[in-house]
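Heads up, the thing below is written out as structure tokens.
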Amino acid sequence: MLASAIVITVFVVGGVVGWRAFGGGDSNSLAAADSTWNQIALVNRTRGMVTTVDANGAAIAEFAGFSRIQEVHTEGDRVALVGPNDIYVGSFASGAESTSSGSASTSPVTSSINRAEVSLPAGFTAVAYPRGSTVSRLPIANRLVLAVGQPLGGNALLIDGQSGLVVDIGGLAAQANPLLFLDTIQFDPQGNLFAIADAANFQTIVVTTLPEPTVEFFPDAPLAVSEALVVTSQVVGQRADVAFFRHDGTTVRSISMAIPAGGVLTDRGLVVVSVDGDISRVAGDLSTPSGLGSIDQPDGSFVARVDPAGSGARLVVSGDSFQTVIDLDGNTLASATFDIGATVVDPQPGWICLPLGPSDNVESLVALDDGSVRADLTGLTLVGVSADGCTLLGEVDAVTSVGTTTENVMVDAAGTVSLGPTRSAVLSPDGTTVVRVTRTSSVQLVSRDEEALSNPVDLTDLTQPAALAVAYLDQ
């Protein structure tokens with residue numbers, strides 16, 4: 001039994017590596033995620049009530065019928081509200097017909113979830129999931145895809161927030177006792193292909209969601225997936241055997257290389273960064289990897305993760321005491337070192353800027369096209385990031401007449417604007433607006449106009465400050 005556990009652990013670790021695969025397209029072109037919005041959802045997490053307001057803070061509609069809400073995820077007009085037993089997926093667009101007073105005009109539907117009757121607003125469905133599961137939004141630009149799984153392995157669900165599609169991976173793959181791990185999920189940039197490690201059978205399961213869910217099986221652990229290729233890896237000693245497959249199961253090539261920590265599939269080939277920081281490319285006939293350089297990392301450090309940004313045209317390489325931005329030719333564009341154990345922000349594929357360094361002491365805001373510094377941020381604790389990564393919401397220490405306190409600030413290339421002392425704040429996707437809770441428990445909507453803030457719009461009567469979650473919508 002112990003031997004089996006050790007083998008499973010090695011299999012999963014060999015496939016984790018933080019890989020995010022992008023296939024095809026112009027590998028030199030940076031593209032930012034969408035950032036448009038015109039409504040705000042004020043979510044009372046305790047009562048499961050939602051009030052929508054327009055960009056000026058005027059009430060539009062109220063929605064009820066949800067249970068207690070733990071997390072809120074949005075993309076465009078689509079919303080995923082994560083409750084303790086269910087995930088509610090839908091849109092508040094039906095609230096557009098509500099009266100000007102903000103009263104709801106919805107047609108509830110009835111759904112039986114976990115043996116309990118729940119009445120949901122029109123346009124919403126409920127997806128039940130087991131208690132104790134991890135719910136994660138996958139970092140796919142301009143998509144809303146959630147993955148649900150067990151921390152110690154088990155079945156896994158994929159939930160497409162746009163279409164409402166729910167894929168039971170274990171059921172689709174006919175696994176009686178699935179042992180799937182969310183940390184191993186890889187996907188294409190469009191969010192239509194997903195690969196996950198099946199530790200029970202030492203294989204990779206690939207799910208294709210369009211035009212309808214289908215499943216494929218490949219040996220070893222997943223590294224990357226695209227419309228053309230499935231790439232898997234098996235660690236052998238101090239190296240890895242990496243295999244390239246077509247989706248019909250045909251083996252294209254198998255090569256030996258340094259153990260990869262992550263990389264990206266592009267029209268120019270497969271660019272990888274090893275755990276030791278070596279950068280290489282596999283292209284053309286998928287022959288021996290060509291060396292592109294190496295990451296200059298502190299002694300004793302190793303690469304823990306590699307994340308794409310700018311639609312995969314840049315790679316953000318992170319370790320326990322460093323973070324480095326490289327292009328797909330292996331050139332270092334920006335880098336920071338810090339104390340061991342610090343946590344860096346999770347880069348998103350739609351970012352074209354990056355808050356470089358630990359999230360509780362960000363060093364600088366850099367442009368990913370050339371690594372230039374847009375703003376010096378030493379001492380900033382990161383709170384929020386705009387959809388393109390180029391505007392930040394953070395906390396800084398401020399000296400007042402009564403001593404040192406913290407205040408929220410908005411930072412971009414144009415400068416820094418103080419929001420004053422707040423309890424919490426949420427930044428809009430375009431980086432222009434903030435919903436803040438003041439220290440006197442007022443909920444306010446404020447916008448930035450260059451170096452000045454608009455007069456705040458009070459939203460306190462529309463929600464409960466202590467249980468507030470905020471979501472920006474494009475209805």
Mark yes or no for whether [X], through its side chain, and [Y], through its backbone, hold a donor-acceptor pair below 3.5 Å.
{"X": "Thr204", "Y": "Asp220", "answer": "yes"}
{"X": "Arg246", "Y": "Ala228", "answer": "no"}
{"X": "Ser233", "Y": "Ala221", "answer": "no"}

Run Leu182 and Thr184 through side chain to side chain contact (heavy atoms under 4.5 Å, CB included) and show every step you take. CA-CA 5 Å; Leu182 293 189; Thr184 68; over 6 Å; no
Show the numbers, then the answer: is there a side chain to side chain contact (heavy atoms under 4.5 Å, CB included) between Arg281 and Asp329? CA-CA 9 Å; Arg281 176 184 288 122; Asp329 292 319; 3.3 Å; yes
Would the number of heavy atoms belonging to other residues, nucleotides or ligands and lying under 6.0 Å from CZ of Arg47 be above 12? no
Counting only heavy atoms not in Asn177, do more than 12 fall under 6.0 Å of its CG? no
Distance only, no hydrogens: is a donor on one side chain within 3.5 Å (strictly under) of an acceptor on the other, for [X] and [Y]?
{"X": "Ser447", "Y": "Thr432", "result": "no"}
{"X": "Gln203", "Y": "Asp198", "result": "yes"}
{"X": "Gln162", "Y": "Arg78", "result": "no"}
{"X": "Asp430", "Y": "Trp37", "result": "yes"}
{"X": "His73", "Y": "Glu71", "result": "yes"}
{"X": "Asp474", "Y": "Thr36", "result": "yes"}
{"X": "Asn155", "Y": "Asp168", "result": "yes"}
{"X": "Ser441", "Y": "Arg423", "result": "yes"}
{"X": "Asn192", "Y": "Glu227", "result": "no"}
{"X": "Gln464", "Y": "Asn44", "result": "yes"}

Do [X] and [Y] have side chains that get closer than 4.5 Å, going by heavy atoms?
{"X": "Arg305", "Y": "Asp346", "result": "yes"}
{"X": "Pro151", "Y": "Phe181", "result": "no"}
{"X": "Ile185", "Y": "Leu138", "result": "yes"}
{"X": "Val345", "Y": "Trp351", "result": "yes"}
{"X": "Arg436", "Y": "Val446", "result": "yes"}
{"X": "Val206", "Y": "Val215", "result": "no"}
{"X": "Thr266", "Y": "Leu328", "result": "yes"}
{"X": "Leu368", "Y": "Leu333", "result": "no"}

Atom [atom1] in [X], atom [atom2] in [Y]: separation rounded to 0.5 Å?
{"X": "Leu393", "Y": "Leu382", "atom1": "CG", "atom2": "CG", "answer": "8.0 Å"}
{"X": "Glu212", "Y": "Leu172", "atom1": "CD", "atom2": "CG", "answer": "10.0 Å"}
{"X": "Arg253", "Y": "Phe245", "atom1": "CZ", "atom2": "CZ", "answer": "13.5 Å"}
{"X": "Leu365", "Y": "Leu377", "atom1": "CG", "atom2": "CG", "answer": "5.5 Å"}
{"X": "Gln323", "Y": "Leu354", "atom1": "CD", "atom2": "CG", "answer": "5.0 Å"}
{"X": "Tyr129", "Y": "Ile87", "atom1": "OH", "atom2": "CD1", "answer": "6.0 Å"}

Chi angles and distances behind the side chain to side chain contact (heavy atoms under 4.5 Å, CB included) call for Val271, Ile279: CA-CA 7 Å; Val271 178; Ile279 310 167; 4.3 Å; yes
Do you know the tightest heavy-atom contact between [X] and [Y]?
{"X": "Ala309", "Y": "Val316", "result": "CB-CG2, 4.4 Å"}
{"X": "Cys390", "Y": "Asp412", "result": "O-CB, 3.4 Å"}
{"X": "His247", "Y": "Leu229", "result": "NE2-O, 3.9 Å"}
{"X": "Thr74", "Y": "Tyr472", "result": "OG1-O, 3.4 Å"}
{"X": "Asp360", "Y": "Thr381", "result": "O-OG1, 3.3 Å"}
{"X": "Ala147", "Y": "Leu158", "result": "CB-CD2, 4.2 Å"}

State plainly whether the residues Glu75 and Arg137 are in salt-bridge range, i.e. N to O under 4.0 Å. yes
List the steps, then state whether side-chain hydrogen bond (donor to acceptor under 3.5 Å, both in side chains) holds for Arg448 with Thr433. CA-CA 6 Å; Arg448 174 181 177 176; Thr433 303; over 6 Å; no
Passes side chain to side chain contact (heavy atoms under 4.5 Å, CB included), Ser91 versus Gln475? Steps please. CA-CA 8 Å; Ser91 172; Gln475 299 280 34; 3.5 Å; yes
Checking Arg143 against Asp160 for the salt bridge (Lys or Arg N to Asp or Glu O under 4.0 Å) test, could you report, in this order, the C-alpha distance in whole Å, the side-chain angles of both residues, the deciding distance, and whether it holds? CA-CA 8 Å; Arg143 291 292 306 277; Asp160 187 325; 2.6 Å; yes
Hey, do the aromatic rings of Phe63 and Phe124 have their centres closer than 6.0 Å? no
With side chain to side chain contact (heavy atoms under 4.5 Å, CB included) as the test, pick out the partner of Val306 among Leu315, Val275, Ile326. Leu315
